[in-house]
Amino acid sequence: MENIEIAKIFHEIADLLEIKNENPFRVRSYRNAGHVIAELPENLKSIVENDEPILDEISGIGKSIHEKIVEIVKTGKCKFHDELLKELPPTILELLQVSGIGPKKVQLLYKELGIQSVSDLEKAAKAHKIHTLAGMGEKTEENILKAIENLKQSKGRFKLGIAMTYAVPLIEYLKNIDGVIHVSEAGSLRRRKETIGDIDILVACKKGSRVMDRFIAYPEVREVLAKGDTKSTVILRCGLQADVRVLDKKSYGAALQYFTGSKAHNIAIRERAKKMGLKVSEYGVFDEKTDKWIAGETEEDVYRAVGLPWIPPEIRENAGEIESALNDKLPHLIDVKDLKGDLHVHTTETDGASTLDEMVESAIKQGYEYIAITDHSKAVSIAHGLDEKRVLRQIEEIDKLNKRFTVYGSRFTVLKGIEVDIKADGSLDLDKDVLAKLDVVVAAVHSRFNMTEGEMTARIVKAISSGIVHIIAHPTGRLINERMPYAVNMTEVLRATKMHNVIMELNSYPDRLDLNDIHCKLAKEMGVMIAISTDSHSRFHLENIRFGIYTARRGWLEKKDVLNTMPLNKALKILKRK
DNA sequence: GCCGTTTTCGGCCCGACTGTTTTCAGTCG
């Protein structure tokens, strides 16, 4: 049972209670608990099983929810949740995903028309049964059908990498409109979450600028959902929704703070402001009594007004950042400029699309001091993985290449490496004698993903304790929106890496981002070092490093937590500590 | 249901927009 599954139960309880028209603050408590649990770096199952006292210290988890967490961990179920589901069919929750439908309408639709699912709703709307209900009209019916259509097409959230390829040119387009002063992304895009629901963009402009007219005329716009003076919403051809808000220069910072979120972070900020006799909205910080405007032009001003330093967007999740800010303990988050090399790339020798020379050339262009060539081992036959003989040949080739660099006085170094397979029994796919000749041994699971948690954990821990592995690559094997992570006890794996001085990879490939942000935070807390690598299969993939950096920042990582921020000598020293 | 530098009881974040309405509930971010 992972935290995310426990969180889901509390979110469902919140939704169900809301549909039942329960006390909204009770609803909020469950929703908040779900959020807190999803953001928690420590594994709840381990906490409960080891009877650790952490649970009592977490804000937002009181007696009742504490008991339910214990119940869920011990029995896999929650009685209260089950009872709610007896009263309301489970499919009813999917109705909330239809834009414009909230708990009140779900309740009405269920009670009056017996609607239990999105397909029920679609049928009823097409049969014109909806507008007969109180508070619903023709327009509502139309909008429901439109919203269902959009829901079908967007199929949930977009990966950050994809969202960015659409957002960046749109932002550029907006910047070039007459009268525009500032343009910035906001929302989860600015917080660099691994998936994005929609693109939020803020614009500050001079009076009379025709930003909105130009926005909806953007060639990629498929449909205009709403157009006003301050807020417009469109659907792009790729299916992504984009919102643009236009603001005064004076409230730009407040709006940026507000629309960047997260919601939980903003609530915490506003609660804090309230205690100080202030009110925070997207228009600024105000004195609650006199309504006098105090700040809002920049984000720094807003945070300063509530007695805080500026907090980087990536960690605005109400997961301890406000407390850290208050104690002057905000992390100095890692930056892409801090990196000195890449420790996981492939070449045409296995399944890469670029040659060794091309990879090296691109790494030099990227400003790196070193790169580790880590092709697959023979078990990955589909990638034409290397056997011992071919590894030895590649070592020779790299030695020659490095000599050439020395001759030309370059300080660049190519490290000899491998991405060796961790076989089902936890043994490694190549002879130890050969592996010992390499600078960097990266180990990874590429097969038998369906093992039990116990088996998979033992498999990876065995590789960690082999004494020859430096880095564990993409430690959970997940592909965002495509493949769930395999079952593995991350706390136990991290404990083993700490004990054996093994490094965990943060794989920057935008489909992977593995470790994820929360695991990065846990690794940091446990004192485990991270390597941020691209797993490049082409020279163009080296640029993906920025996605790794985004995730690292979301995981509170600093320069000192990351192996490949170190100059070669220091990095090698750490690798040789084995 | 949670929480406490006013409080262990009585609060709990803020504003815009939409569609339905004659003053507002519901939804959204």
Enquirer: Mind checking I61(A) for me? I need base, sugar-phosphate or nothing, with any heavy atom below 4.0 Å counting as a touch.
Expert: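 I61(A): backbone/sugar contact only, no base atoms under 4.0 Å.
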Enquirer: Step through the shown structure and confirm whether more than 12 heavy atoms of other residues, nucleotides or ligands are within 6.0 Å of CG on D328(A).
Expert: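 No, not enclosed.
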Enquirer: Round to the nearest Å and state the distance from K139(A) atom NZ to dG26(B) atom C1'.
Expert: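 So the two atoms are 17 Å apart, to the nearest Å.
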Enquirer: Base, sugar-phosphate, or nothing: which does P103(A) touch, judged by heavy atoms less than 4.0 Å apart?
Expert: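 If one applies the 4.0 Å heavy-atom cut-off, P103(A) turns out to touch the sugar-phosphate alone, with no base involved.
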Enquirer: C1' atom, dG1(B) versus dT5(B): distance in rounded Å?
Expert: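 Pairwise C1' distance, dG1(B) against dT5(B), rounds to 23 Å.
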Enquirer: Please give, in whole Å, the distance from dG1(B) P to I58(A) CD1?
Expert: 18 Å
Enquirer: Quick check: on DNA chain B, is the nucleotide nearest F286(A) upstream (toward 5') of the one nearest D200(A), or the reverse? Name the residue that is more 5'.
Expert: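 Residue closer to the 5' terminus by nearest nucleotide: F286(A).
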Enquirer: dT27(B) and dT21(B): how far apart are their P atoms, nearest whole angstrom?
Expert: 15 Å
Enquirer: Please work out if N143(A) contacts a base, only the sugar-phosphate, or nothing of the nucleic acid, heavy-atom cut-off 4.0 Å.
Expert: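 It contacts sugar-phosphate atoms only.
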Enquirer: Quiz question: by atom type and distance under 3.5 Å, do the side chains of D243(A) and T233(A) form a donor-acceptor pair?
Expert: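 On atom types as modelled, these side chains qualify, holding a pair under 3.5 Å.
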Enquirer: What does R272(A) touch in the nucleic acid at a heavy-atom separation under 4.0 angstrom: a base, only the sugar-phosphate, or nothing?
Expert: nothing
Enquirer: Would you mind checking if R31(A) and E18(A) are paired as a salt bridge, meaning a charged N to carboxylate O distance below 4.0 Å?
Expert: yes
Enquirer: Of the nucleotides dC12(B), dC2(B), dT18(B), which one has an atom closest to the side chain of A226(A)?
Expert: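 Side chain of A226(A) sits closest to dT18(B).
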Enquirer: Would you mind checking if E297(A) and K249(A) are paired as a salt bridge, meaning a charged N to carboxylate O distance below 4.0 Å?
Expert: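 Salt bridge flag = yes for E297(A) with K249(A).
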Enquirer: Calculate the interatomic distance between L247(A) atom CG and dG29(B) atom C1'; express it in whole Å.
Expert: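 Rounded to the whole Å, the gap is 14 Å.
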Enquirer: Just how far, in rounded Å, is C1' of dC3(B) from NE2 of H66(A)?
Expert: 17 Å
Enquirer: Base, sugar-phosphate alone, or nothing: which one does E18(A) contact when heavy atoms must sit under 4.0 Å apart?
Expert: nothing
Enquirer: Show me the pairs that pass ring-ring contact (aromatic ring centres under 6.0 Å, His included) and involve residues 230-253 of chain A, at least two apart or across chains.
Expert: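 Those involving residues 230-253 of chain A are H182(A)-Y252(A).
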Enquirer: With a 3.5 Å cut-off and no angle check, do the side chains of E42(A) and N3(A) form a donor-acceptor pair?
Expert: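 No, N3(A) and E42(A) have no side-chain donor paired with an acceptor closer than 3.5 Å.
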Enquirer: Work out how far the P atom of dA16(B) is from that of dG10(B), and round it to whole angstrom.
Expert: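 Their P atoms lie roughly 32 Å apart.
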Enquirer: Look at the side chain of K105(A) and decide which nucleotide, out of dG29(B), dG1(B), dG26(B), has an atom nearest to it.
Expert: dG26(B)
Enquirer: Quick check on dT20(B): is either OP1 or OP2 less than 4.0 Å from any side-chain nitrogen or oxygen of T140(A)?
Expert: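 Checking dT20(B) against T140(A), a side-chain N or O does come within under 4.0 Å of OP1 or OP2.
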Enquirer: dG11(B) and dT18(B): how far apart are their P atoms, nearest whole angstrom?
Expert: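 Between the two P atoms, the distance is 34 Å.
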Enquirer: Work out how far the P atom of dT6(B) is from that of dC12(B), and round it to whole angstrom.
Expert: 15 Å
Enquirer: Tell me which nucleotide among dG19(B), dT27(B), dA16(B) gets nearest to the side chain of Y283(A).
Expert: dA16(B)
Enquirer: Take the protein atom OH of Y258(A) and the nucleotide atom P of dC14(B), then report the distance between them rounded to whole Å.
Expert: 10 Å
Enquirer: Among dC3(B), dC2(B), dC14(B), which nucleotide has an atom closest to any side-chain atom of E288(A)?
Expert: dC14(B)
Enquirer: Does OP1 or OP2 of dG1(B) have a side-chain N or O of S64(A) closer than 4.0 Å?
Expert: yes
Enquirer: Does a side-chain N or O from T233(A) land closer than 4.0 Å to OP1 or OP2 of dG29(B), or not?
Expert: no
Enquirer: Hey, does K274(A) reach any base, or is it just sugar-phosphate, or nothing, if we go heavy atoms under 4.0 Å?
Expert: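 The residue K274(A) makes sugar-phosphate contact but no base contact.
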Enquirer: Who does dC24(B) pair with, Watson-Crick or G-U, both distances under 3.5 Å?
Expert: dG19(B)
Enquirer: How about F215(A) and Y218(A): are their ring centroids closer than 6.0 Å?
Expert: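 When the ring centroids of F215(A) and Y218(A) are compared, they turn out to be at least 6.0 Å apart.
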Enquirer: Figure out the CG/C1' separation between L256(A) and dG29(B), and round it to whole Å.
Expert: 15 Å
Enquirer: Return yes if the base of dG1(B) and the side-chain atoms of N23(A) contain a donor-acceptor N/O pair under 3.5 Å, otherwise no.
Expert: yes
Enquirer: Among the nucleotides dC2(B), dC12(B), dG29(B), which one has an atom lying closest to any side-chain atom of R245(A)?
Expert: dG29(B)
Enquirer: Contact between K231(A) and V244(A) at the side-chain level, heavy atoms closer than 4.5 Å - yes or no?
Expert: no
Enquirer: Starting at the 5' end of DNA chain B and moving along, which residue's nearest nucleotide shows up first, F259(A) or I267(A)?
Expert: I267(A)
Enquirer: Could you identify which residues of residues 124-137 of chain A place a heavy atom less than 4.0 Å from some atom of DNA chain B, listed by residue number, or say none?
Expert: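 DNA chain B contact set from residues 124-137 of chain A: G135(A), M136(A), G137(A).
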Enquirer: Let me see the working for D301(A) and R304(A) under salt bridge (charged side-chain N to carboxylate O under 4.0 Å, His left out), right down to the final yes or no.
Expert: CA-CA 5 Å; D301(A) 293 345; R304(A) 196 178 306 123; 3.1 Å; yes
Enquirer: By the 4.0 Å heavy-atom rule, please label K279(A) as base, sugar-phosphate, or nothing.
Expert: sugar-phosphate
Enquirer: In whole angstrom, give the distance that lies between atom NZ of K146(A) and atom C1' of dT18(B).
Expert: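 Taking atom C1' of dT18(B) as the reference, NZ of K146(A) is at 13 Å.
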Enquirer: Round to a whole Å and report the spacing from CD1 of I37(A) to P of dG1(B).
Expert: 15 Å
Enquirer: Compute whether any side-chain donor of one residue and acceptor of the other, for D248(A) and S251(A), lie under 3.5 angstrom apart.
Expert: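 Judged by distance alone, the side chains do not pair up.
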Enquirer: Using a cut-off of 4.0 Å on non-hydrogen atoms, how would the nucleic acid contact of V280(A) be classed: base, sugar-phosphate, or nothing?
Expert: sugar-phosphate
Enquirer: Which nucleotide in the list dG1(B), dA16(B), dG26(B) gets nearest to the side chain of K104(A)?
Expert: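 Selected nucleotide (nearest to the side chain): dG26(B).
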Enquirer: Determine the contact category for V98(A): base if any of its heavy atoms lies under 4.0 Å from a base atom, sugar-phosphate if only primed atoms, P, OP1 or OP2 are that close, otherwise nothing.
Expert: sugar-phosphate
Enquirer: Between dC2(B) and dT8(B), how far apart are the two C1' atoms, rounded to whole Å?
Expert: 12 Å
